[in-house]
Structure formats: C-alpha cells, structure tokens
Amino acid sequence: MIKRAIPVLPLFGSVIVIGIGWAAVAATAEYSELGALFPKTVGALMVALGFVYLVQTLMGRSGASAPADGSNLRRFLLMAVMLGWSFSLEWLGFLPASAAAQAALLLIAQHVRWTFKKALTYGVSTAFVLLALYALFKHALQVPLP
Amino acid sequence: METLDYLLAALTPFNLLLAIGGVIAGTVIGALPGLTATMAVAVLVPFTFTMEPAAALIVLGAIYTGAIYGGAYAAILLNTPGTPSAIATTFDGYPMARRGDGDLALTVACLASVIGGLVGAGFLWLLAPPMATVALKFGPVEYFWLGLFGLTLIASLGEGSTIKGLIGGCVGLLLSMIGVAEVGGDIRFVGDFKPLLGGIDVIAALIGLYCIPVLIDLVATPVAHLDSGGRISSFRLAEAIHIVKNAKFNLARSSVIGTVVGILPGAGGSVASLISYSEAKRASKRRAFFGKGEPDGVLATESANNATVGGGFIPTLVLGIPGTPPDAIILGALMVQGIRTGPTLFTQQAPIVYTFIFGLLLATILMLPIGLLIGRFAFRSLVAIPKSVLVPSVALLTILGSYAVHNNIDEVQQMVILGVLAWCVGRLGFSASPIVLGLILGAIAERGFVQGNLIGNARGSVMAEFFARPISLGIIFFIVLGLLWPLWSNYQARKAGEAHD
C-alpha cells in the first residue's frame with residue numbers, strides 16, 4: 001500500500017480560510033443590519049468553500065505549486081527589505097530609507113561576482129533612478145514625500 | 001459642412017501639438033505602476049485652465065487616452081498593471097513577454113488600443129444622446145447584477161481550480177469591506193487598528209498583489225527577467241496586423257463592451273477589460289491558451305479599456321454624470337471653463353463639443369506611431385537593464401506608486417504586506433486575479449445589493465425589484481450563460497475527445 005504524504009500547507013491553508021470566514025461572520029454581530037448583510041453572506045460562503053477545499057486536500061487534490069526554484073534566502077531577504085523600507089519611511093525619511101533599501105536590493109538581486117566596474121555602474125544607475133524619480137514626484141508632480 | 005469645420009478646427013497645428021504632447025505625457029505617466037489615468041489627468045489639469053475650452057478638452061482627452069494605453073507597458077513587461085484598467089492585460093501580456101514576444105504584445109496592445117479608442121470615440125460622436133438615456137435606466141439593482149456578473153468571471157480566471165478562484169474572490173470581497181461601510185456607515189474589520197479606517201486602497205493592493213510576488217521570484221534565480229527572443233529591433237507590426245485581422249470579431253465585441261461599460265458611471269476600464277477578457281476567452285477556439293500568452297487576450301483587454309474613454313465621455317457630456325474617475329476631473333475642468341454640460345450641450349455649444357470629439361479621434365490615431373515608438377524603446381530598455389538594477393528600480397516604483405495615490409505611508413505598508421501574502425498564497429496555487437476582482441467589484445455589488453433591498457422593501461417586493469426589471473433580466477441571462485458556458489464547453493470537449501478515441 002502506497003503511503004501518501006500529508007499535505008501540511010494546503011491543510012493549514014484550508015483551516016485558515018475556514019477561520020477567516022468564521023471570524024467575518026462572528027464580527028458582523030456588532031454591525032447594523034445593513035452593514036452586516038453582505039459580510040455575513042460572504043463569510044458564510046467562505047466557510048463553505050473552505051470545507052470543500054479541506055475535503056479536496058484530504059483527497060490529495062490540493063493543487064499546491066511545486067517548491068519554488070532558486071534561493072529562498074534571497075526571497076526572504078527581499079521581503080524583509082521591502083517590509084523594513086515601508087515601515088522606516090516615516091522616521092528615516094524617503095531618501096535615506098530608499099537609498100539604504102536600494103543598496104540592499106542591488107546586493108540581493110546580483111548573482112554574478114561583483115567587479116569594480118559593475119559596482120560603480122550599477123550603483124550610479126540605481127542612484128540616478130532614485131534621484132530622478134524623487135525629483136519627478138517631489139517637484140514635478142508635487143507629491144509631498146516624507 | 002459643419003462637420004468639416006469642426007474637423008479643421010481640431011486639426012490646427014496648436015491642437016495637433018497639444019494632442020501629441022498629451023498622448024506622450026499620458027502614456028509615460030500611465031506606464032508607471034501606481035500612477036493612474038485619474039492621477040495623470042488630475043496632475044496636468046491646471047495647465048489647461050488658461051487654454052481655449054476646445055483645446056483644453058483635447059489635451060485632457062489625449063492625456064486620458066494615452067494613460068489608459070500606457071498602463072499596458074508595465075502590465076506586459078513587469079506583470080504589474082500600470083493602471084487598474086490594465087489588470088487583465090497581465091494575464092497574457094506578461095507570459096508573452098516571458099517567452100520573448102514582449103515586442104509583439106506591445107504592438108498588439110497598441111493596435112488594439114487605437115481601434116478600441118476609435119470605436120469609443122465613434123460612439124461618442126454618433127450615438128451620445130440616446131446611449132446616455134439608456135445608462136440613466138441603470139439603478140442600484142442593475143449595478144448589483146453587473147458586479148455579480150463581474151464576479152462570475154472568477155470561474156474563467158481561476159487557473160485550474162474554481163474553488164480556489166472563489167475563495168480568492170471572497171477574500172477580495174472581505175478586503176473591500178474593510179473600513180467605513182458606504183451604506184450604513186458601520187466601521188468593519190478594523191478593530192483597534194486605526195490605519196485601516198480608510199479601507200484597503202485598490203491601487204496599492206493592485207501593485208502589491210501583482211508586483212511584489214514577481215520581485216520576490218525575480219531575485220531568487222540568475223535567469224534573465226525577460227527573453228528578448230533575438231528580435232528586439234523590430235516592431236513585428238506585420239505579425240500584429242495579422243493577429244488583429246484574424247480577431248476582428250473579438251476586437252469589435254471588446255470595443256463595444258468597453259464603450260458600454262464606460263457609459264455606466266463607476267464601472268470603468270478595469271471592469272470593462274475583465275468582462276471583455278472573459279468573453280474573448282469564452283468565445284475563442286484557443287481558450288486553452290488564454291493565460292499562457294494568447295495575443296487575443298491582450299487584444300480584448302486593451303481594446304476594451306481604451307473604448308471606455310469615449311464611452312465615459314457620453315454620460316459626462318450629455319448628462320453631467322462622469323462615467324469614469326478621470327471623467328469626473330475633466331467635468332470639473334469643463335466647469336472651470338464655464339461649459340455647462342447637459343443634453344443641450346450638443347446643440348448650444350456644438351463647436352466646442354465636436355472639435356473635442358475630433359480632437360479625441362485625432363489623439364487616438366496619434367497613439368499609433370507614438371505608442372509603437374515608446375513601446376519599442378521601453379521593451380529594448382527593459383531587456384537591456386541588468387536584473388540587479390531592475391529590481392531596486394521596480395521596487396522603488398511600487399513604493400512611490402502606492403504612496404502617491406493618497407500620500408499615505410499606511411498604504412505603502414498595506415501594499416508590501418499584501419504582496420508578501422500574495423506570494424505565500426501563490427505557493428498554495430491561489431492566483432491574485434480573483435482577489436483583485438473581489439476587491440474592485442465588492443463595493444459596487446454591496447452598494448447595489450443593500451440599496452436594492454431597501455428600495456424593494458419600500459416598494460413591497462424585494463424579489464420584483466431584483467428579478468423583474470428588463471435590464472436586470474438581461475444581465476442575469478449573461479450571468480447564467482457565464483456560469484454554464486465553461487461546463488458546456490468542457491462537456492463538448494470531453495465528447496469530442498471520446499469521439500476522437
């Protein structure tokens with residue numbers, strides 16, 4: 001008899017879907033009749049769909065994607081930089097936060113060995129894009145950047 | 001004879017220059033993720049206050065039409081819709097670019113945008129007053145059914161699993177309810193987290209859901225971000241014309257859908273392009289290739305979203321009701337110019353209106369050479385840029401784009417968090433499109449549903465309100481068709497397969 005591995009992630013995903021649907025329905029208890037009508041309907045629908053997904057997963061038809069190719073470390077570093085960038089904008093200011101994030105992303109995205117020429121060219125190009133877009137948004141489009 | 005006078009008035013060297021400048025400015029702004037057509041028109045509208053009314057209208061129409069088309073660049077080359085109306089262009093445009101057909105996708109998008117734009121402007125010229133009257137008959141219930149019709153597209157957008165598509169749609173609907181409810185005023189799903197009071201911004205969510213997952217996967221491998229296919233020096237115009245010729249019916253249907261949706265206040269280019277994409281897929285013999293780089297998909301969405309420009313001007317000019325958000329800004333500019341919109345506009349201020357309509361037609365035609373040139377430049381540049389320089393630059397655009405919508409840092413954080421979540425759920429086989437669809441259509445569907453209920457209760461029959469109005473019945477017919485068609489076509493395909501065996 002062939003043993004099938006338990007699809008942990010899809011199982012976890014279906015439980016999350018049911019949980020979100022249930023939480024949405026529960027939250028409507030505090031709303032007016034008009035405000036509760038639509039979220040209650042959608043929440044209930046989500047619970048039902050979550051159960052169907054759970055059954056599909058248990059039957060081995062979760063359809064999760066194959067493990068992603070490439071470096072997961074680089075992926076997580078990019079996520080961390082983007083999150084850090086978005087949360088540091090207010091207290092660091094747009095230019096310093098963006099310059100730091102740009103430099104970090106440049107390093108994360110580079111797979112080939114660095115040479116002095118490459119470092120200079122890529123560094124100057126990235127800085128130019130940053131300053132050009134800063135000038136466009138701040139001065140031409142009058143966007144009050146932090 | 002009068003028509004010729006209006007045409008000549010639109011063709012003055014100054015108006016021609018304005019139209020060229022407007023199309024270029026609109027295309028460039030529309031190509032930047034996060035900068036919408038609405039923003040392009042809003043930012044540039046003060047420059048028109050000192051112009052003659054017709055010239056001001058021409059430049060605004062040119063910016064608007066250019067920006068809608070410009071959205072296709074980022075959609076095709078970066079998998080990030082430059083404007084919300086280019087959402088559906090990502091479905092086939094980006095896969096085309098990935099396999100080395102980005103130049104062809106851009107040329108197809110340009111031709112489709114020009115043709116769609118001309119159809120929309122043609123309807124505006126010939127049929128504006130009667131069509132605006134029909135649009136007035138759309139009440140809350142019709143909008144509810146229209147929203148629901150849009151949601152049935154999930155069945156055709158879900159790649160592989162309808163259940164996952166529906167779950168994604170529900171997530172999008174729930175996201176659309178965060179914040180202060182439009183009907184009833186309840187504060188929903190916010191808790192003590194005040195930054196969510198304003199709700200989830202659609203543009204920020206779009207950028208996050210589509211762009212961040214691409215960036216995350218882009219840094220993971222050394223593989224080139226785009227394949228040039230070794231043909232970066234050509235427009236591939238002959239190939240694109242051949243595709244357009246073979247898809248005449250798709251083009252006509254999508255352009256008409258775009259015009260009609262554009263007439264409906266509040267619907268706009270994103271809804272038009274999604275509906276036309278779904279219809280194109282449903283009617284196509286090559287529906288199995290949709291979502292994998294089928295040029296007909298790009299053709300349908302781009303012709304529809306540009307047709308909304310002319311369509312949206314119909315209620316704006318005839319009734320004073322803006323069809324799309326940029327129309328609302330243009331309506332404001334008209335008021336500054338002292339033009340009173342309404343049914344009498346076409347008779348009392350005919351020279352201004354018809355000069356504008358011809359100006360819009362002119363701007364749309366100009367989009368062909370301008371769009372082809374900018375498209376070629378954009379594709380060549382993007383292919384040549386090293387990935388390690390492209391990633392920080394695109395990331396910067398996502399931050400700037402999501403911030404610039406309302407100058408709000410909370411929306412930048414929403415964008416990044418939604419993007420990271422989209423990548424995570426993508427690993428489970430969920431796609432971003434149904435979530436986006438739910439997010440966009442949630443407000444339209446809920447407003448119509450609740451208001452329809454209230455009106456039905458007041459009139460004594462909710463059922464009659466929802467199911468006995470002729471336009472509603474027409475939309476319900478298409479909803480049922482939309483739900484049953486995939487089942488029918490699957491059954492037919494199975495039967496054909498059995499016969500073949």
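As a basis for the values below, the full set of heavy atoms in this structure was taken, side chains included, without hydrogen atoms, waters or symmetry mates. In what follows, chains are A, B, ... by sequence order, proteins preceding strands, each numbered from 1.
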#### Entry: Check against side-chain contact (heavy atoms from CB on, under 4.5 Å), M82(A) and I399(B)
CA-CA 9 Å; M82(A) 292 301 291; I399(B) 297 278; 4.2 Å; yes

### Query
Rounded to the nearest 0.5 Å, what separation is found between the OG1 atom of T221(B) and the NE2 atom of H111(A)?
6.0 Å

### Query
Do D186(B) and E30(A) have side-chain heavy atoms sitting under 4.5 Å apart?
no

### Query
How far does OH of Y122(A) sit from CG of L390(B), to the nearest 0.5 angstrom?
11.5 Å

### Query
Between P39(A) and R188(B), which heavy-atom pair has the shortest distance, and what is it?
CD-NH1, 3.6 Å

#### Entry: Nearest atoms (heavy-atom pairs only) where R75(A) meets D217(B)
NE-OD1, 2.8 Å

### Summary
Here the gap from S14(A) atom OG to L428(B) atom CG, rounded to the nearest 0.5 Å, amounts to 9.5 Å

### Message
Below 30° counts as parallel, above 60° as perpendicular, anything between as tilted: where do the rings of W423(B) and F76(A) land?
### Response
perpendicular

### Task
Could you tell me whether the side chain of L37(A) reaches within less than 4.5 Å of the side chain of E446(B), counting heavy atoms only?
no

#### Entry: Side-chain heavy-atom pair L105(A), L215(B) within 4.5 angstrom cut-off
no

#### Entry: CE-CD1 distance between M46(A) and I167(B), expressed to the nearest 0.5 angstrom
7.0 Å

### Query
For the atom pair CG (N453(B)) and CG (L34(A)), what is the distance rounded to the nearest 0.5 Å?
8.5 Å

### Task
Please flag which part of A24(A) lies under 4.5 Å from any non-hydrogen atom of chain B: side chain, backbone, both or neither.
both

### Message
If you count heavy-atom pairs within less than 4.5 Å of chain B, which of A23(A), S98(A), S86(A) leads?
### Response
S86(A)

### Message
Can you tell me how far apart CD (Q56(A)) and CD1 (I163(B)) are? Round to the nearest 0.5 Å.
### Response
5.5 Å

### Task
Taking all non-hydrogen atoms of both residues into account, name the closest pair between F189(B) and Y31(A) and its distance.
N-OH, 2.9 Å

### Message
Does any part of the side chain of L397(B), heavy atoms only, come nearer than 4.5 Å to the side chain of L133(A), both counted from C-beta?
### Response
yes

### Message
For the interface with chain B, which of Q110(A), Q102(A), E90(A) has the highest count of heavy-atom pairs at distances below 4.5 Å?
### Response
Q102(A)

#### Entry: Which of D410(B), N407(B), V450(B) touches chain A most, by non-hydrogen pairs under 4.5 Å
N407(B)

### Query
Any side-chain heavy-atom pair from I108(A) and V391(B) closer than 4.5 angstrom?
no

### Task
Name the region of L396(B), side chain, backbone, both or neither, that has any atom closer than 4.5 Å to a heavy atom of chain A.
both

### Query
Can you check whether V412(B) reaches W85(A) side chain to side chain, under 4.5 Å on heavy atoms?
no

### Message
If you count every heavy atom of other residues, nucleotides or ligands that lies below 6.0 Å from K118(A) atom NZ, does the total exceed 12?
### Response
yes

## Note on the structure
One option among V129(A), L106(A), T41(A), T126(A) has the most heavy-atom pairs under 4.5 Å with chain B, and it is L106(A)

### Query
Are F87(A) and V416(B) side-chain neighbours, meaning at least one heavy-atom pair lies under 4.5 Å?
no

### Query
What residue in A104(A), G50(A), G21(A), S32(A) has the most heavy-atom pairs under 4.5 Å with chain B?
S32(A)

### Task
Decide yes or no for L145(A) and L400(B): does some side-chain heavy atom of the first lie under 4.5 Å from some side-chain heavy atom of the second?
yes

### Query
Any chance NZ of K138(A) has more than 12 other-residue heavy atoms, nucleotides or ligands included, within less than 6.0 Å?
yes

### Message
Show the nearest heavy-atom pair for residues F137(A) and A404(B), with the distance to one decimal.
### Response
CE2-CB, 3.8 Å

## Note on the structure
Among I20(A), V17(A), L107(A), the residue with the most heavy-atom pairs under 4.5 Å to chain B is V17(A)

## Note on the structure
Heavy atoms of A109(A) and S388(B) approach each other most closely as CB-CA, 3.6 Å

